[in-house]
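Remember, it's 1-based here, ligands and their atoms both numbered in the order they're listed. Everything quoted here is computed from the prediction, not taken from an experiment.
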Amino acid sequence: MRILLVEDDAHVAEPLKAGLERHGHDVEHVTTGAEALLAGKADLVLLDLGLPDLDGLEVCRRLREFSDVPIIVLTARSEEIDRVIGLQGGADDYVVKPYGFRELLARIEAVTRRASRQRRDAEEEPPADRGKLVVDRRTRRALLDGVALELTRREFDLLAFLAEDGGALRTREEIMDRVWDENWFGSTRTLDVHVGSLRAKLGDPSWIETVRGVGFRLVEPGS
Ligand code: CA
C-alpha cells in the first residue's frame with residue numbers, strides 16, 4: 001500500500017516510516033500541510049494535527065475536496081477527538097499519541113478493509129429512494145429534493161446505511177459495525193455526534209428517529 005505520512009516531528013516520523021516499510025508499505029513522508037496537499041496519490045493518509053504551517057484539520061478538509069482517500073489522524077490532543085472524527089474534519093479514524101505501532105497497524109487494516117468493502121457494496125447497490133431523499137452509493141451522492149447534500153465521508157456512510165432496506169430500524173451495534181468497524185476503539189458517542197450533524201444537514205431532525213436504547217431509523221418527515 002502507498003501511504004502518505006504527514007508529520008513534522010522527525011522523532012515520530014522516522015521510526016514510523018521504517019516500521020511501515022518493514023510491513024511492506026511504500027511511504028511518502030512530508031512535514032507540512034502544503035506538501036501534503038501537493039503529494040502524489042496515496043491509498044491511505046496518516047496525518048498529524050500539529051503541523052508547522054496549516055492546521056491538520058484544515059489539511060484534512062482540503063484533501064476531502066478532491067479525494068476520498070482514507071485518512072487516519074494522529075493526534076496528541078484527545079480533547080480534539082470530536083472535532084476530528086466529527087464535523088469539520090472528514091477523517092476516517094484517529095489514533096491518540098502516544099500510540100502503539102500494533103494499534104496503528106490495526107487501524108490501518110480496519111480502515112482499508114472498510115474502504116474496499118464500501119467499494120464492493122457500492123457496485124452492487126441501486127440508489128435508495130426514500131421519497132425526497134435519494135442516496136446513491138455508486139456516485140456517493142445524497143440528494144434532498146434534487147439538491148446534493150454536502151456530507152463528510154462518514155456522514156454519507158451513516159445515511160446510506162440508514163436509507164437501505166426501506167429505512168429499517170438499525171441498532172447502535174449494527175451501525176457501529178457497518179459504518180465504523182468491529183475494532184472501533186473509540187466510544188459510540190461518535191455515533192450521536194454524526195446523527196446530530198446529519199439531522200442538521202437534512203434540515204429536519206425528524207428524518208432520523210431515535211429508538212431509545214436501541215438505535216435509529218430513517219423516516220421521511222410527514223410520511
Ligand atoms: Ca507535529
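- In this structure the side chain of R178 reaches within 4.5 angstrom of the side chain of E164, judged on heavy atoms.
- Protein N/O/S atoms found under 3.0 Å from the Ca ion (ligand 1), listed by chain and residue number: D8 OD1, D48 OD2, G50 O.
- When all heavy atoms of L20 and F101 are compared, the pair lying nearest together is N-CZ, 3.7 Å.
- Side-chain atoms of R117 and T112 form no donor-acceptor pair, as typed in the model, at a separation below 3.5 Å.
- Ring centroids of H194 and F156 are separated by 6.0 Å or more, keeping the two rings apart.
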Side-chain donor/acceptor pairs under 3.5 Å, residues 35-48, sequence neighbours excluded:
residue, atom, partner, partner atom, Å
E35, OE1, T31, N, 3.2
E35, OE1, T31, OG1, 3.2
E35, OE1, T32, N, 3.1
E35, OE1, T32, OG1, 2.9
D43, OD2, R2, N, 2.8
D48, OD1, G50, N, 3.4
D48, OD1, K97, NZ, 3.0

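- Transitive grouping of hydrophobic side chains (ILVMFWY, heavy atoms separated by less than 4.5 Å) brings L16 and V111 into a common cluster.
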